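Note that the structure is a prediction, hence the values are computed from the model and not measured. Values below: all heavy atoms of this structure, side chains included; hydrogens, waters and symmetry mates excluded.
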Amino acid sequence: MSRRSYDQHCGLARALDVIGERWTLLIVRELELGGKRFTELAARLPRMGRNLLTERLRQLEADGVIEHTGRHYALTPLGADLRPAVEALAIWGLRVLEAYPSARETNPAWAALTMRAGGDLAACTGVSESCEFHVAREHFVVHMNDGDVQIQQGAPTEHPDALVRCEAIAFMALGLGLSVSDALEGGWVSVEGDPEVLRRCFEVLRFPDYPAMNDRLAQMGALS
């Protein structure tokens, strides 16, 4: 299938030629969380369909956005450079999120990427720590390294500075402003290791202060 083009000599138009097709940026989102096999991508994007996923992966590889290394797909440096654009879109999307029905699919790892975009990366300046999360059935590690934050899904880190277990609603509430102390005292979160790492983690991971997000926190009042 030939790809449609805007046929305009413009950086934005060319960017949309490459990543503007439906599902494409969600593939980038998944690979921002770490390399994945085809079957893993298909499982995380079940409504996309395998034939369409195959087509999009082939085109992204041809455009130099992703690479196929062994059995995994991963972002290239060019693909990784999409992070600011993807984060800006995620933050913008929060402003219209209240229009969407709450029954739509959610995932704490997706939320973590948006929290990183809205948080304070400078809070981890001068430190190198990892916080591993087991949120419901999702496992991911937040690596904080001197002002940079990477979120890695999949295999756990060997020796995390903190290992955190909680349900998705508690993880979301922490990103919306619930204090770590209240979450620990209320039994909503358990931590193995240094709880200060968890506190610092939710300084660098934080949803923006939008009215719609504050409404979500109010709805979680039972956690506070």
Side-chain angles (χ1 to χ4, degrees), residues 23 25-48 53 57 66-75 79-80 83 86-87 90 104-119 121 123-124 127-145 148-176 178-180 183-184 186-207 216 220 223:
W23 295 105
L25 279 179
L26 297 189
I27 295 173
V28 173
R29 178 196 66 190
E30 294 303 322
L31 296 181
E32 174 64 25
L33 291 164
K36 290 181 174 63
R37 300 180 182 183
F38 179 90
T39 53
E40 292 172 319
L41 285 168
R44 297 185 69 83
L45 301 168
R47 297 185 181 182
M48 184 176 184
L53 176 58
L57 290 173
I66 67 172
E67 58 186 352
H68 193 201
T69 57
R71 291 181 293 179
H72 290 82
Y73 290 93
L75 294 175
R83 174 175 160 178
V86 171
E87 289 185 336
R104 292 199 177 196
E105 184 179 359
T106 61
N107 187 296
W110 303 341
L113 290 177
T114 305
M115 291 180 197
R116 181 181 67 182
L121 303 189
C124 67
V127 302
S128 181
E129 300 169 330
S130 61
C131 190
E132 182 176 329
F133 287 92
H134 292 203
V135 184
R137 291 181 291 179
E138 284 289 325
H139 297 176
F140 53 92
V141 182
V142 178
H143 297 282
M144 298 175 284
N145 185 24
D148 181 52
V149 176
Q150 299 293 327
I151 302 171
Q152 184 74 34
Q153 200 172 33
T157 190
E158 188 173 353
H159 298 293
D161 297 288
L163 174 59
V164 181
R165 292 183 173 87
C166 63
E167 293 301 317
I169 189 171
F171 181 80
M172 296 288 285
L174 285 164
L176 288 164
L178 176 69
S179 75
V180 169
L184 290 170
W188 295 102
V189 173
S190 67
V191 180
E192 298 175 22
D194 187 354
E196 287 301 318
V197 174
L198 179 59
R199 290 189 176 89
R200 189 155 29 248
C201 192
F202 279 100
E203 292 177 12
V204 302
L205 301 183
R206 183 62 62 90
F207 283 118
R216 294 288 179 91
M220 296 175 180
L223 290 175

*Which heavy-atom pair separates A80 from L75 by the least distance, and what is that distance?*
N-CB, 4.0 Å

*Distance from L121 atom CG to R116 atom CZ, nearest 0.5 Å?*
8.0 Å

*Output the distance between atom CH2 (W188) and atom CD (E167), rounded to the nearest 0.5 Å.*
9.5 Å

_Just so I know, are the side chains of L113 and L33 near enough to count as touching, which here means a heavy-atom distance under 4.5 Å?_
yes

_Nearest-0.5 Å distance that lies between atom CD1 in I66 and atom CG in L41_ = 8.0 Å

*Do E30 and E40 touch side chain to side chain, with heavy atoms closer than 4.5 Å?*
no

*Heavy atoms only: give me the nearest V204-A123 pair and the separation to one decimal.*
CG1-CB, 3.7 Å

*Over all heavy atoms of both residues, which pair between C131 and V197 is shortest? Give the atoms and the distance, please.*
CB-CG1, 4.0 Å

_Any side-chain donor near an acceptor of the partner, E138 and N107, under 3.5 Å_ = yes

_I need the M144 CE to S128 OG distance, nearest 0.5 Å._
9.0 Å

*At what distance, to the nearest 0.5 angstrom, does NZ of K36 lie from CG of L45?*
9.5 Å

_Using side-chain heavy atoms (C-beta onward) and a distance below 4.5 Å, is L163 in contact with H134?_
yes

*Could you walk me through whether F171 and F133 pass the ring-ring contact (aromatic ring centres under 6.0 Å, His included) check?*
CA-CA 9 Å; F171 181 80; F133 287 92; 5.3 Å; yes

*Just wondering, do R44 and R29 contact through their side chains at under 4.5 Å, heavy atoms?*
no

*Side chains of V189 and V164: does their closest heavy-atom pair fall under 4.5 Å?*
yes

*Are any of the side-chain heavy atoms of R200 and V127 separated by less than 4.5 Å?*
yes

*Close side-chain approach of H159 to E132, heavy-atom, < 4.5 Å*: no

*Do the charged groups of E196 and R199 touch, with an N to O distance under 4.0 Å?*
yes

*Rounded to the nearest 0.5 Å, what's the gap from CD on E129 to SG on C124? Could you check?*
8.5 Å

*asked:* How close do G34 and Q152 get, counting heavy atoms only, and between which atoms?
replied: CA-NE2, 3.6 Å

*asked:* Evaluate V180 against L174 for side-chain contact (heavy atoms from CB on, under 4.5 Å), listing each step before the verdict.
replied: CA-CA 7 Å; V180 169; L174 285 164; 4.1 Å; yes

*Nearest heavy-atom pair of Y73 and L31: which atoms, and what distance?*
O-CD2, 3.4 Å

_Side chain H143, main chain N145, donor-acceptor under 3.5 Å_ = no

*Check L53 against I27 and note the closest heavy-atom contact, atom names and distance.*
CD1-CD1, 3.8 Å

*Can you find a heavy atom in the side chain of M115 that is under 4.5 Å from one in the side chain of R206?*
no

